[in-house]
Amino acid sequence: MDNLLISSCLLGLACRYDGGWREYDLKELEKKFNLIPICPEIYGGLPTPRVPSEIKGDRVINREGVDVTAQYEKGAKEALHLARLFNVKCAVLKAKSPSCGKNAIYDGTFTKTLTEGDGITAKLLKANGIAVFTEEEIDILLEK
Ligand code: SF4
């Protein structure tokens with residue numbers, strides 16, 4: 001069975017910025033893949049709960065104005081390290097997150113406004129040949 005990276009907060013682990021999570025029905029995914037949970041923001045050294053952050057230009061800034069780009073980049077590198085260690089070709093990452101989001105992320109204004117772009121980890125994984133899906137695209141992945 002192939003290995004698959006998956007955002008920990010999709011598995012019911014309470015690692016989200018507000019200490020929350022949402023458990024998805026991943027039974028079909030589990031039949032096809034070994035799920036390897038990752039949380040890049042934790043790997044980057046950030047606490048839970050933490051001040052929410054958004055990407056603004058080439059930086060990641062939290063709602064208090066603190067630049068947390070270094071933590072996000074560290075977390076992304078750790079996720080890539082795990083992907084290589086487990087020979088991962090695909091990942092299912094939480095939509096809209098400044099780490100895990102794919103194609104659409106919040107625009108840095110903290111007004112729930114989406115803009116085109118990838119989270120820091122999704123971008124690094126994609127650049128290294130890993131196919132990234134959001135939790136809304138699991139059906140597409142299962143059809144492959
Ligand atoms: Fe979930 Fe990714 Fe945010 Fe961690 S960094 S809480 S895995 S969306």
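We're numbering straight along the sequence, starting at 1. For clarity, every value in this text was computed on a predicted model and none was experimentally measured. Counting starts at 1 for both ligands and their atoms, following the listed order.
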Checklist entry - When you measure from atom 4 (Fe) of ligand 1 to every protein heavy atom, which one gives the shortest distance, and what is it? => result Cys39 SG, 2.3 Å
Item to check | Residue part near ligand 1, for Ile38, under 4.0 Å between non-hydrogen atoms | outcome: backbone
Checklist entry - Numbering the atoms of ligand 1 from 1, which are under 4.0 Å from a heavy atom of Cys100? => result 2 (Fe), 5 (S), 7 (S), 8 (S)
Item to check | For atom 3 (Fe) of ligand 1, closest protein heavy-atom neighbour | outcome: Glu41 OE2, 3.7 Å
Item to check | Asn103 side chain reached by Lys126 side chain, heavy atoms, under 4.5 Å | outcome: yes
Next on the checklist: Please list, in number order, the atoms of ligand 1 under 4.0 Å from a heavy atom of Arg16.
Outcome noted: 6 (S)
Checklist entry - Using heavy atoms and a threshold below 4.0 Å, how should the contact between Lys96 and ligand 1 be classified: side chain, backbone, both, or neither? => result neither
Next on the checklist: Between Lys89 and Asp2, does any NZ, NE, NH1 or NH2 come within less than 4.0 Å of an OD or OE carboxylate oxygen?
Outcome noted: no
Checklist entry - Thinking salt bridges, do Glu28 and Lys32 make one under a 4.0 Å N-O criterion? => result no
Checklist entry - Counting from 1, what ligand 1 atoms have a heavy atom of Ser8 closer than 4.0 Å? => result 7 (S)
Checklist entry - Which residue, Ser8, Ser99, Ser53, forms the side-chain hydrogen bond (donor to acceptor under 3.5 Å, both in side chains) with Glu41? => result Ser99
Checklist entry - Just which atoms of ligand 1 are under 4.0 Å from any heavy atom in Arg50? => result 6 (S)
Item to check | ligand 1 atoms in contact with Lys94 (distance to a heavy atom under 4.0 Å) | outcome: 8 (S)
Item to check | Contact atoms of ligand 1, heavy-atom distance to Cys15 under 4.0 Å | outcome: 6 (S)
Item to check | Residues Glu135, Arg22: salt bridge by 4.0 Å N-O rule | outcome: no
Item to check | atom 1 (Fe) of ligand 1 [closest protein heavy-atom partner, distance rounded to 0.1 Å] | outcome: Cys9 SG, 2.3 Å
Next on the checklist: I need the atoms of ligand 1 closer than 4.0 Å to a non-hydrogen atom of Pro40, numbered in the order shown.
Outcome noted: 2 (Fe), 5 (S)
